[in-house]
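The next block holds one structure in the form of structure tokens; read it before the comments.
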Amino acid sequence: MDIIGIIQEGVVKGVEALYGASIAGDSVSMNATRSEFEGDFTVVVFPYTKMARKKPEDIGQELGQFMLDTVPQVSKFNVIKGFLNLVIDDSFWQQFLLETVKDSDQFGIGAANGKKVMVEYSSPNTNKPLHLGHIRNILLGWSAYKILQAAGYEVVRTQIVNDRGIAICKSMLAWQRFGEGETPASSGIKGDHFVGKFYVKFEQAFQEEYKAWQASDQGQAIFTEKAKEEQGEAAFFKAYKNTYFNEYSEIGQAARAMLIQWEAGDEETVKLWKQMNEWVYEGFNTTYENLGVAFDKLYYESDTYLLGKSTIAAGMEKDVFYKKEDGSVWIDLTDAKLDHKIVLRKDGTSVYLTQDIGTAQLRYQDFGVERMIYVVADEQNYHFQVLFETMKRLGEPYADGLYHLNYGMVDLPTGKMKSREGTVVDADDLMAEVIAEAEAASKDSSEISSFTEEQRKDIFRKIGLAALKFHIIKVQPQKRMVFDPKESVDLQGQTGPYIQYSYVRINGVGKRAEREGVSWEQAKDYVSLEPAERDLLRNLYQFPALIQEAAADLDPSSIANFCYALAKSYSKFWHDVSIFDAEESAKAFRLLLSKVVGSVLKNGMDLLGIEMPERM
RNA sequence: GGUCCCGUAGCUCAGCUGGAUAGAGCAACUGACUUCUAAUCAGUAGGUCACAGGUUCGAAUCCUGUCGGGAUCACCA
């Protein structure tokens, strides 16, 4: 039994014995003791004043004495106001360390629970490269995968690739018109950036065309006819852009024609589409690889965009859906505080929601997962509410296991990222920048100067990416965050590299212990723990429960904060006590403690997708 | 306008299943390297936890309202 449970049980028995009242174990309010007081755990005794009809101080004294007498792990106590601070005996921590160190690599990793879960954590469009927003998405998803796995789940990692639609047609058309046979290889541009370049070219060409049209007789006539009173010319044409694209634009019409040809399976169009997507995938794969993430299964929208229709037909019979006079099919979710939502157009074609219904079913057929987690930005909260509610009504067996891990948008210090205004931070550029920063900051490190070029590059990559990833993932997913590029490359303070540094120190003492041949046996003779040591042990002790909690909440930021707290605690320990100058039992104990801290830091950071260097 | 999310130090963030004097980092200032890596540590300064009510022995945390920021309310994906 864990120490929290032992204490709670002690309190339950104490309240029973002293005051004749029965309370539930998990109702016992407990916290870690604040650092300014002596103790490891604190029991709040205010709740027992009524049943005891005594002052909180007296209850604390009585309960404390009872715990001291009956719970062997409690070695001391003190009472301040209504707070009973319990000191856990050194032998308990001692034993905990000696147990843990036997298999420190596996410490905290939960046993397989036989449950299967799918995490979808990337859903890129294939018309442009990945940016900072995708990075947050991918890091969260990757970490969720790692955490779920550590908690005992079997996890299938997937992405849905939005490889069809008007956007990619725009890139295709622009390439046809302006590309002059250029390829990523011939131009030396990474494939996804290459295709993105033509997407931008399309937009430019469209804007030019639109500008010219605005000045034309037809454009002016439309403005005079349709503009609302008080609406200026600029405002009108801004609002009219989509209509223009659909009804008047030559290049817009050409792009739409291309989409229709694609849907009809036109050979040449499909060939070009495949070629452009291939280029994009090459680029994406490089980015994913640099970020250190991978997938087990890819789903393509071009394969799934027609799915779901048969389900709608089946759902009609169960009255999940209803048909309007015009032939379109809807679902009424007003009783779930949602609205009516269309699932099939009057021409029988499917919409976004329909595709997602079909895709979920396909995934269940493919893998039999009982949970599916979608890592998608919070702008789609409503869509997922509708999707999940629909799946429930369809009676899908996994419907209760559907979960939208939503996250807030990433802002820049200058405001929102807007692709139209060119303020989007490119994923590849950003990674290159943080790695370059790590290199620049390592200039005067004598440690690194002796390394080979290859080793150095590896270390800079690990440090730079740790800075970037930690900076993003330490923020709770649901919160909108401000991403300051300057802060993201910080290597000091509450950062990834700070944690790496603690690990590297531990690695250093481990190496020295190996050289000097320290005898671990004597660790069991070390009896009087220093505050810094107890603090580390308390931190370590939480790790297994934290993994389960992080998996239940799908919250990687809690792991990030834990890793930082542990590293900070170790830094304090490093300064407060000496390892190799200490007597033999203390030396052995501290080395074992360091070893476990090192393992937990490494495993904890791995849960965030962050690698540790051995030296830095 | 309806619904949902957010508002904590100058800045970036913790803390939110109610518990002690609300914590870190950055930025500023002071001190500590002949010592296991100073990418470190210790200290100073910085707060009406948006505001107003309510519940409670006790509220940053729960409830209601107000204000501010954001998202969404497409036969787009």
Side-chain angles (χ1 to χ4, degrees), chain A residues 26 29-31 33-37 42 44-47 49-50 56 80-83 85 123 125 160 162 164-167 242 301 305 324 326 328-330 337-339 341-347 349-353 355-356 377-383 385 406 408-409 411 413 416 438 441-442 445-447 463 467 471 474-476 478-484 486-488 490-495 497-502 504-513 557-558 560-561 564-565 567-568 570-582 587 590-591 594 615-616:
Chain A
D26 54 14
S29 174
M30 270 183 57
N31 327 73
T33 302
R34 296 174 66 110
S35 56
E36 62 263 41
F37 304 109
T42 296
V44 184
V45 304
F46 287 107
T49 48
K50 267 189 193 143
I80 294 165
K81 295 201 268 181
F83 301 93
N85 301 320
S123 44
N125 291 320
I160 179 88
N162 299 121
R164 51 144 248 126
I166 191 70
N242 276 339
E301 198 205 352
Y305 83 110
K324 276 194 182 175
D326 68 354
S328 58
V329 180
W330 296 69
K337 287 177 76 178
L338 299 165
D339 207 343
K341 185 79 189 177
I342 191 163
V343 291
L344 286 182
R345 299 188 185 97
K346 63 183 173 192
D347 62 3
T349 55
S350 55
V351 295
Y352 182 39
L353 180 65
Q355 288 176 42
D356 271 3
D378 62 10
E379 60 191 350
Q380 296 204 39
N381 284 355
Y382 183 76
H383 168 72
Q385 279 178 28
N406 65 65
M409 294 288 175
D411 291 327
K416 287 197 206 178
S442 304
S445 161
S446 55
E447 220 16 68
I463 296 173
H471 189 250
K474 73 175 182 188
V475 181
Q476 220 176 52
Q478 286 72 23
K479 291 203 174 177
R480 205 180 172 93
M481 66 176 286
V482 177
F483 181 90
D484 187 340
K486 282 203 297 289
E487 281 179 23
S488 75
D490 273 352
L491 310 175
Q492 276 142 34
Q494 196 176 34
T495 66
Y498 172 95
I499 299 166
Q500 290 179 320
Y501 186 66
S502 286
V504 164
R505 281 173 153 176
I506 290 167
N507 199 47
V509 294
K511 287 266 162 57
R512 179 168 164 187
S557 72
S558 63
N561 287 312
Y564 174 68
K568 193 171 152 65
Y570 191 80
S571 290
K572 171 86 172 141
F573 162 82
W574 183 275
H575 281 266
D576 285 2
V577 307
S578 175
I579 297 174
F580 288 98
D581 288 345
K587 188 202 281 187
R590 286 166 189 169
L591 282 167
S594 297
R615 296 166 74 184
M616 64 191 280

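Throughout, protein chains are lettered first and strands after them, A, B, ... in sequence-line order, and every chain is numbered starting at 1.
Within the 4.0 angstrom heavy-atom criterion, base atoms lie near Val504(A). Using a 4.0 Å heavy-atom cutoff across all strands shown, Ser442(A) reaches at least one base atom of the nucleic acid. As judged by a 4.0 angstrom heavy-atom cut-off over every strand, Tyr498(A) is placed among residues touching the sugar-phosphate backbone only. Using a 4.0 Å heavy-atom cutoff across all strands shown, Ser594(A) reaches no nucleic acid atom at all. Residue-level contact check: Val482(A) touches the backbone only, with heavy atoms under 4.0 Å from sugar-phosphate atoms and none from bases. Contact annotation for Val577(A): base contact, defined as any heavy-atom pair under 4.0 Å involving a base atom. Among the atoms of the strands shown, none is found under 4.0 Å from any heavy atom of Phe483(A). Using a 4.0 Å heavy-atom distance criterion, Pro47(A) is classed as a base contact.
Taking atom CG of residue Asn507(A) and atom P of nucleotide U37(B), one finds them 10 Å apart after rounding to whole Å. The separation between Gln500(A) atom CD and A39(B) atom P is 14 Å, rounded to whole Å. We find that NE2 of His575(A) is positioned 12 Å from P of C33(B), with the value rounded to whole Å. Straight-line distance from the CD1 atom of Ile80(A) to the P atom of U21(B): 11 Å, rounded to whole Å. For the pair His471(A) NE2 and A14(B) P, the computed distance is 11 Å after rounding to whole Å. The distance between atom CZ of Arg512(A) and atom P of U37(B), rounded to the nearest whole Å, is 8 Å.
Between Gln380(A) and Asn406(A), every side-chain heavy-atom pair lies at or beyond the 4.5 Å cut-off. Using a 4.5 Å heavy-atom threshold, the side chains of Ile160(A) and Asp356(A) count as separate. Side-chain contact between Lys416(A) and Arg480(A): present, with at least one pair of heavy atoms (C-beta onward) separated by less than 4.5 Å. Looking at heavy atoms from C-beta onward, Thr495(A) lies out of side-chain contact with Glu487(A) at the 4.5 angstrom threshold. A heavy-atom distance below 4.5 Å is found between the side chains of Phe83(A) and Val44(A). Side-chain atoms of Gln478(A) and Asp378(A), non-hydrogen and from C-beta on, never get closer than 4.5 Å to each other. Contact check for Trp574(A) versus Val509(A): side-chain heavy atoms found under the 4.5 Å cut-off. Taking 4.5 Å as the limit, every side-chain heavy atom of Phe580(A) sits out of range of all side-chain heavy atoms of Arg590(A).
Remark: Arg34(A) is in phosphate contact with G23(B), judged by side-chain N or O atoms under 4.0 Å from OP1 or OP2. For Lys337(A), no side-chain nitrogen or oxygen approaches OP1 or OP2 of G2(B) to under 4.0 Å. For C36(B), neither phosphate oxygen OP1 nor OP2 lies less than 4.0 angstrom from any side-chain nitrogen or oxygen of Lys587(A). The phosphate of U37(B) (OP1 or OP2) has no side-chain N or O of Tyr570(A) nearer than 4.0 angstrom.
Toward the 5′ end of RNA chain B lies the nearest nucleotide of Asn561(A), the other residue of the pair Val509(A) and Asn561(A) mapping further downstream. Of the two residues contacting RNA chain B, namely Ile463(A) and Asn31(A), the nearest-nucleotide position lying further toward the 5' end is that of Asn31(A).
Taking every side-chain heavy atom of Gln476(A) into account, G15(B) is the closest of G15(B), G19(B), U37(B). Looking at the side chain of Met616(A), the nearest of the listed nucleotides U12(B), G25(B), A39(B) is A39(B). Of the candidate nucleotides G25(B), U37(B), A39(B), G25(B) has the atom nearest to the side chain of Gln494(A). Closest contact between the side chain of Lys479(A) and the listed nucleotides C41(B), U12(B), C16(B) involves C16(B). Of the listed nucleotides (G19(B), U21(B), A38(B)), A38(B) has the atom at the smallest distance from the side chain of Tyr501(A). The side chain of Gln492(A) lies closest to A39(B), out of C36(B), C41(B), A39(B). The listed nucleotides are C11(B), A22(B), C41(B); the one nearest the side chain of Lys568(A) is C41(B). Relative to the side chain of Trp574(A), the nucleotides C4(B), A20(B), U37(B) differ in distance, and U37(B) lies closest.
Residue side chain Thr42(A) reaches the base of A20(B) through a donor-acceptor N/O pair under 3.5 Å, judged by distance alone. Side-chain atoms of Asn85(A) and base atoms of A20(B) include a donor and an acceptor less than 3.5 Å apart.
As rounded to the nearest Å, U40(B) and G25(B) have P atoms that lie 10 Å from one another. Spacing between C67(B) and C51(B) at atom C1', rounded to whole Å, works out to 7 Å. A45(B) and U30(B): their C1' atoms are spaced 11 Å apart (whole Å). Separation of the C1' atoms belonging to G53(B) and U44(B) is 39 Å when rounded to the nearest angstrom. Distance noted for atom C1' between C33(B) and A38(B): 6 Å (whole Å). One P atom belongs to G58(B), the other to A14(B), and the distance between them is 30 Å to the nearest Å. Between the P atoms of A39(B) and A27(B), the separation comes to 15 Å (whole Å). The same atom, C1', is picked in U8(B) and in A60(B); the two are 7 Å apart, to the nearest Å.
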Quiz item: In the 5'-to-3' direction, what one-character label does each nucleotide of nucleotides 69-77 of chain B receive under the scheme B = base within less than 4.0 Å of a protein heavy atom, S = sugar-phosphate only, - = no such atom?
Solution: -SSS--BSB
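Under the Watson-Crick or G-U wobble criterion, with both distances below 3.5 Å, A9(B) has no partner in any strand shown. Nucleotide C36(B): unpaired (no Watson-Crick or G-U wobble partner with both distances less than 3.5 Å). Base-pair partner of G1(B): C73(B) (Watson-Crick or G-U wobble, both distances under 3.5 Å). Summarising the base pairing, C51(B) is matched to G65(B) through a Watson-Crick or G-U wobble pair whose two defining distances lie under 3.5 Å. Across all strands shown, G31(B) is found opposite C41(B) as a Watson-Crick or G-U wobble partner, with both distances under 3.5 Å. The base-pairing partner of G46(B), taking Watson-Crick or G-U wobble contacts with both distances under 3.5 Å, does not exist among the strands shown.
The aromatic rings of Phe483(A) and His471(A) stand perpendicular to each other, their planes meeting at an angle above 60°, with 30° marking the opposite boundary.
Both stacking criteria are satisfied for Phe46(A) over the base of G19(B): a centre-to-centre distance under 5.5 angstrom and an angle between ring planes under 30 degrees. In this structure, Phe83(A) packs face-to-face on the six-membered ring of A20(B), meeting both the 5.5 Å centre cutoff and the 30° plane limit.
Of all non-hydrogen atoms in Asn561(A) and Gln494(A), the two that sit nearest each other are OD1-NE2, 4.2 Å.
In this structure, the ring of Tyr570(A) has its center less than 6.0 angstrom from the ring center of Phe573(A).
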